[in-house]
Amino acid sequence: MSQIGFPLYVNNSSGRRSNSYCCYASSASISDPQVLNGNTVSSSRKEIRLGLPSKGRMSSDTLELLKDCQLSVKQVNPRQYVAQIPQISNLEVWFQRPKDIVRKLLSGDLDLGIVGLDILTEFGQGNEDLIVVHEALEYGDCRLSIAIPQYGIFENVNSLEELAKMPQWTEEKPLRVATGFTYLGPKFMKDNGIKHVAFSTADGALEAAPAMGIADAILDLVSSGTTLKENNLKEIEGGVVLESQAALVASRKSLIGRNGVLETTHEMLERLEAHLRAMGQFTVTANMRGSSAEEVAERVLSQPSLSGLQGPTVSPVFNKRDGKVSADYYAIVICVPKKALYKSIQQLRAIGGSGVLISPLTYIFDEETPRWRQLLSKLGL
């Protein structure tokens, strides 16, 4: 198995700096169909396994999304780490720490998983056996970013370039960065040509590290940035290492070699795509008097907010007068995003619409999701 490496300076317990190498497997290391990362991939297992985050906001948001997609997770005992999704046969759900989901996808113990892109990149380290099936599940949004103090020698430093050019950093006295991302941090600095950087591993409240004098900067996940400001820290231009949110990930080997994984992935992807596309969308129905469906459609399409997904649906509304059935009114059905809802109603009224009904959408199924075609292309199928 070949490896790629570059120097990583790590502070040891005595406070002295030692040189080591941060290594990660190259794509050639996953070519062996039997052994992956030192573990034999089991081919005898029949069940399909999906790894989900076991704790915290990421866990609850994941379960909520799956529920909205009619894929509710059923757990007999909340203390158990295994569960089922009854709507998909032969699927086991395993609750794991996010980093363990990535590791077990690589070892072959899981076939599918939902994790943040930050964890996937940090612990997957570019391994080609990990395939991102859906990269934007619309929750868990954050960014991995460098932050420095707002005061002292950093007061007028506002970009990564300015930080790198500070004369204080030398081989003997490098820029000290505290982080839990010991793969992405050194890789980012190397890719940007920044030398004289020493990384120290840390977990928990990294924001205190600069004030305590144990680091000059931190590399951590940021959501709103409020915690940084409250601790007199600031982000800098060019200092964002990675934009992250929840993603559906799969093992390439499982997709190709394990019976039923590709089909299960297709069903999950279709449900997720349909629900996510419908989020924030509303069906608007209104009646409108007109001489023909074409004439009514012409009026509707003259308004910029009433085009819908592919155009309005116009159908006659029949009523009976003096014993005769006629269609003096037409029903218009369009799909409108939430942000344009009130404006659309105003435009409908302006062209003669009445009896306007609004209802939220749950799913919008396309003829075929583009991500499915992309997945098949990645697999060479």
Side-chain angles (χ1 to χ4, degrees), residues 5-24 55-58 97-99 116-119 121-123 125 140-244:
F6 52 85
L8 169 64
Y9 301 114
V10 181
N11 293 336
N12 58 31
S13 58
S14 64
R16 301 189 61 177
R17 181 161 56 90
S18 61
N19 293 356
S20 62
Y21 279 83
C22 180
C23 299
Y24 57 96
K55 295 179 181 179
R57 180 71 179 271
M58 192 74 166
R97 295 183 302 175
K99 63 183 179 181
L117 290 171
D118 58 307
I119 297 298
T121 311
E122 173 69 18
F123 293 94
Q125 300 185 3
D141 297 75
C142 60
R143 58 191 177 275
L144 181 61
S145 186
I146 294 172
I148 59 176
Q150 298 176 352
Y151 50 85
I153 61 173
F154 301 100
E155 185 175 0
N156 297 316
V157 175
N158 296 299
S159 70
L160 183 65
E161 183 180 2
E162 291 173 350
L163 178 65
K165 289 182 177 179
M166 291 179 68
Q168 286 85 350
W169 320 132
T170 64
E171 187 173 353
E172 291 73 27
K173 188 181 179 182
L175 172 69
R176 301 169 301 161
V177 182
T179 187
F181 291 84
T182 55
Y183 166 75
L184 283 172
K187 185 177 185 300
F188 178 76
M189 293 298 187
K190 180 177 181 292
D191 291 346
N192 283 274
I194 300 175
K195 301 177 181 179
H196 309 317
V197 182
F199 286 88
S200 59
T201 57
D203 293 313
L206 295 181
E207 294 84 3
M212 295 178 69
I214 59 177
D216 302 301
I218 66 170
L219 175 62
D220 201 9
L221 295 174
V222 180
S223 295
S224 65
T226 302
T227 304
L228 290 180
K229 292 177 182 177
E230 290 176 347
N231 286 275
N232 297 312
L233 298 174
K234 62 182 178 181
E235 293 180 86
I236 54 177
E237 181 184 346
V240 176
V241 176
L242 178 74
E243 297 281 354
S244 180

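- With values rounded to the nearest 0.5 angstrom, E155 atom CD is found 11.5 Å from I153 atom CD1.
- Using a 4.5 Å heavy-atom threshold, the side chains of T182 and F199 count as separate.
- Atom CD of residue Q168 and atom CZ of residue F154 lie 7.5 Å apart, to the nearest 0.5 angstrom.
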When you look at V177 and L175, which way does the side chain to side chain contact (heavy atoms under 4.5 Å, CB included) test go after all the steps?
-> CA-CA 6 Å; V177 182; L175 172 69; 4.0 Å; yes

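- In this structure, W169 and V197 have side chains that are not in contact, with every pair of non-hydrogen atoms separated by 4.5 Å or more.
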Are I146 and F188 close enough, and set up right, to give a side chain to side chain contact (heavy atoms under 4.5 Å, CB included), and what steps lead you there?
-> CA-CA 10 Å; I146 294 172; F188 178 76; 3.7 Å; yes

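- Summarising the geometry of L242 relative to L117, their closest heavy-atom pair is CD2-O, 3.8 Å, with the distance given to 0.1 Å.
- By the 4.5 Å heavy-atom criterion applied to side chains, L160 and I194 are counted as neighbours.
- Contact check for K195 versus T170: no side-chain heavy atoms found under the 4.5 Å cut-off.
- The closest donor-acceptor contact from the side chain of T179 to the backbone of I218 lies at 3.5 Å or more, if one exists at all.
- The closest donor-acceptor contact from the side chain of K234 to the backbone of V157 lies under 3.5 Å.
- Of the possible polar contacts, one joining the E122 side chain to the L184 backbone as a donor-acceptor pair under 3.5 Å is found.
- Using a distance-only test at 3.5 Å, with no hydrogens or angles considered, a donor-acceptor pair links the side chain of R143 to the main chain of S223.
- Across all their heavy atoms, G185 and L219 have their closest contact at CA-CD2, 3.4 Å.
- Taking OG1 of T121 as the reference point, atom CZ of F181 lies at 9.5 Å (rounded to 0.5 Å).
- If you check the side chains of E235 and S145, you find a donor sitting under 3.5 Å from an acceptor.
- With N231 contributing its side chain and E207 its backbone, the two residues share no donor-acceptor pair below 3.5 Å.
- Side chain of E237 to main chain of N158: no donor-acceptor pair is present (N/O by atom type, distance under 3.5 Å, no hydrogens or angles).
- A distance of 12.0 Å separates CG in L221 from CG in D141, rounded to the nearest 0.5 Å.
- The shortest non-hydrogen separation linking L233 to Q150 is O-NE2, 3.0 Å.
- Residues A178 and L206 share a closest heavy-atom pair of O-CD1, 3.9 Å.
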